[in-house]
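Protein chains get the first letters and strands the later ones, always in sequence-line order, with residue 1 at the start of each.
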Amino acid sequence: MVAQQLIKAAQAGDRDALITLLREIETHVYRTAYYILGNEPDAKDAAQEALIRIYTKINSYEEKAQFKTWVQRIVTNICIDKFRRTKSTVSIEEHDMVFTSDNSVEDEMMSSFVAKDIQEAIDRLPEHHRTVVVLRYMQDFSYNEIADSLDLPLNTVKSYLYRARQQLQTLLRDYQKGGVRG
Amino acid sequence: MNCQEVMELMQRELDHDLDDSEQAAMKAHLQQCSECAEMFARLQRLSQELANLPKVTPPFSLVDSILPQLAEVDRAGEGPIAAAAVSAPKTKHANAPAAQLPSKRSVRSRTMRRLATASGVVAAGLLMVLVMNQLDGGMGKVADDTALMPQSGGSMSTTFSANEASGVGESSAMAVEKRMAMSESAKIESMSGEGATAADTVVPKSAEPQTTKSQSPASQPSDAMQLPGARQPETSPPVAAQPTAPPSIASESPSIQALPSASEDSNIARSAGVAQSVPEIAPTDPAAADSPLKTDTGLPSSVDGGKAADQSGIVSDGSPSVAPNDAQKYVNSPAEGEESSSVKSTNPQEMDVADRSSGAEDTQLGASNTVMEEPEMAGFTVPSPEVEQLVSEDGLLVAALDRGNRRIAITTADSKQAERYVSAAWKEQQQPKLIGWKGSTELTYSLTDVDGKTTTIVIDIGNRTETIREP
């Protein structure tokens with residue numbers, strides 16, 4: 001996703017390269033933050049913090065890791081910290097599930113309704129399960145990439161993901177039976 | 001195969017992780033087990049929905065929104081841009097001192113052994129300390145001073161990271177070594193014989209780098225010889241040392257011992273740095289070239305007399321730190337050190353002040369010095385004279401370089417001098433320059449790193465913002 005050359009230049013102190021690099025990853029960073037934190041303001045804060053950290057720490061990135069997993073590690077860590085600090089005070093009802101999606105057709109209503117349920121279900125997952133799901137589906141990461149990003153053993157990643165899907169499936173079935181939202 | 005096992009296969013199938021035989025096995029089971037088939041259908045739908053979640057994008061460019069903060073990171077020297085400027089790209093300067101610590105420690109103990117053998121000379125040096133102490137208020141002072149040392153140490157570690165603090169310690173270790181060297185040059189002019197016994201009592205303390213402070217000015221020539229060793233450690237410590245200096249100075253105004261030593265250390269290191277790591281400068285600049293000679297002869301140089309006074313003024317203001325990388329000071333610094341020594345011999349009080357203040361400055365200089373080690377920076381020479389103040393076009397506001405605080409203060413130009421804006425602090429090694437006003441709303445200034453990289457910054461007085469102007 002990001003050229004090694006650009007990373008090299010950024011690491012060598014080329015500020016423009018570094019800024020370009022940040023622009024290339026900002027959407028990925030934001031998207032992860034959005035789905036882990038479940039709302040736009042927190043996602044913006046976390047993504048900005050992550051970008052600043054990436055900017056500051058670019059020299060600590062080593063080529064042996066994939067850049068995208070290094071980036072996602074930074075953003076997920078920030079999100080988990082943030083989540084732990086703020087989550088306890090936020091109830092499900094307070095989440096503002098507005099999606100800034102470009103396609104504004106009618107079926108968007110439908111899909112966003114489903115998306116809302118899913119998003120809410122995701123929010124109810126334990127933080128690591130949620131993070132694994134987000135990396136799997138929002139970043140299209142493989143098991144290994146998720147394991148690298150989260151510094152978790154491969155088997156743990158799998159079991160988190162499987163359990164998360166099972167749990168989501170249960171939650172959504174409840175919703176579809178006319179459950180929580182009424 | 002039971003349903004539990006099939007569950008795992010189904011999950012893996014969602015991630016396209018099954019090989020053909022596993023897929024066949026799963027399908028076979030699903031055909032027989034409606035419960036699992038239903039579960040698989042639900043999971044597949046879920047997985048599809050997850051994959052179809054809106055690809056949200058930030059409502060505005062997050063990178064644009066953090067540009068000011070990134071500029072701040074650059075200016076604070078925390079980012080890679082600044083790091084690249086200050087040291088080699090991959091060096092984590094924060095870690096460097098810690099890593100070097102052990103070796104320096106050994107240097108230090110070696111130094112001490114040498115110190116012991118050279119005890120005669122050292123005693124002379126100590127004598128000087130003593131004499132000064134006596135002049136400064138008697139023997140009790142020495143004890144006071146040592147008592148103060150831990151304090152100043154403590155304040156360092158609270159204010160700075162452990163690494164940095166240790167860096168400071170190292171630089172003082174280096175100082176011991178340098179003092180050793182200096183004792184050979186035996187510049188200890190003002191020493192009288194009576195001090196001998198006293199010197200003995202002080203000896204244990206002399207082991208502590210801090211006590212030895214008074215001799216430093218004499219040491220330039222030998223410092224230069226020590227430099228190869230000395231330079232390395234200097235790299236990061238000065239940065240930490242500089243900020244610590246002012247507080248301790250403020251806290252223990254009458255007694256000099258604890259802090260000045262550190263400052264001297266860097267003083268020495270710095271002058272050494274000037275002499276050696278940037279050979280070009282020393283020869284070309286008369287002051288620098290001369291200073292060792294002066295020190296050797298012990299002749300007080302009247303040249304810089306005024307400077308000592310300036311510095312003492314600074315100290316009494318409580319803001320001893322002077323703008324760091326003023327190359328002029330660089331070049332002058334050996335002379336300064338020497339001059340403070342001459343002051344010493346005559347007036348202890350004043351000397352202390354001069355010593356300290358020069359110390360504060362020195363640390364900063366030391367910091368810049370290290371940077372100069374880099375080959376491409378060797379060409380760094382005396383900058384053009386700077387504008388310290390700049391009045392706005394309409395004459396309403398005046399911007400002044402506040403080198404003590406490394407900020408630009410913008411005040412009204414009238415007699416009230418009401419403060420309108422204070423810029424963010426620049427880094428120690430940076431060289432500020434006032435460039436110009438646009439009306440009385442925008443002030444442009446630049447910060448030049450030791451490597452010559454210049455950042456131009458525009459202060460918008462009305463909005464109270466600072467923006468880095470893209471080149």
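- Interface remark: B:D64 contributes backbone and side-chain atoms alike to the contact with chain A (heavy atom separation under 4.5 Å).
- Proximity to chain A (any heavy atom under 4.5 Å) is restricted, for B:M7, to the side chain, taken from C-beta onward.
- Counting non-hydrogen atoms of neighbouring residues, nucleotides and ligands closer than 6.0 angstrom, the CD atom of B:E38 reaches no more than 12 such neighbours.
- To the nearest 0.5 Å, atom CD1 of residue A:I52 and atom CD of residue B:Q69 are 4.0 Å apart.
- Within a 6.0 Å sphere centred on CD of A:Q4, heavy atoms belonging to other residues, nucleotides or ligands number more than 12.
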Step by step, work out the salt bridge (Lys or Arg N to Asp or Glu O under 4.0 Å) result for A:D148 and A:R73.
CA-CA 8 Å; A:D148 285 348; A:R73 175 189 294 227; over 6 Å; no
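- With respect to chain B, the highest number of heavy-atom pairs below 4.5 Å among A:V133, A:L168, A:V134, A:I58 belongs to A:L168.
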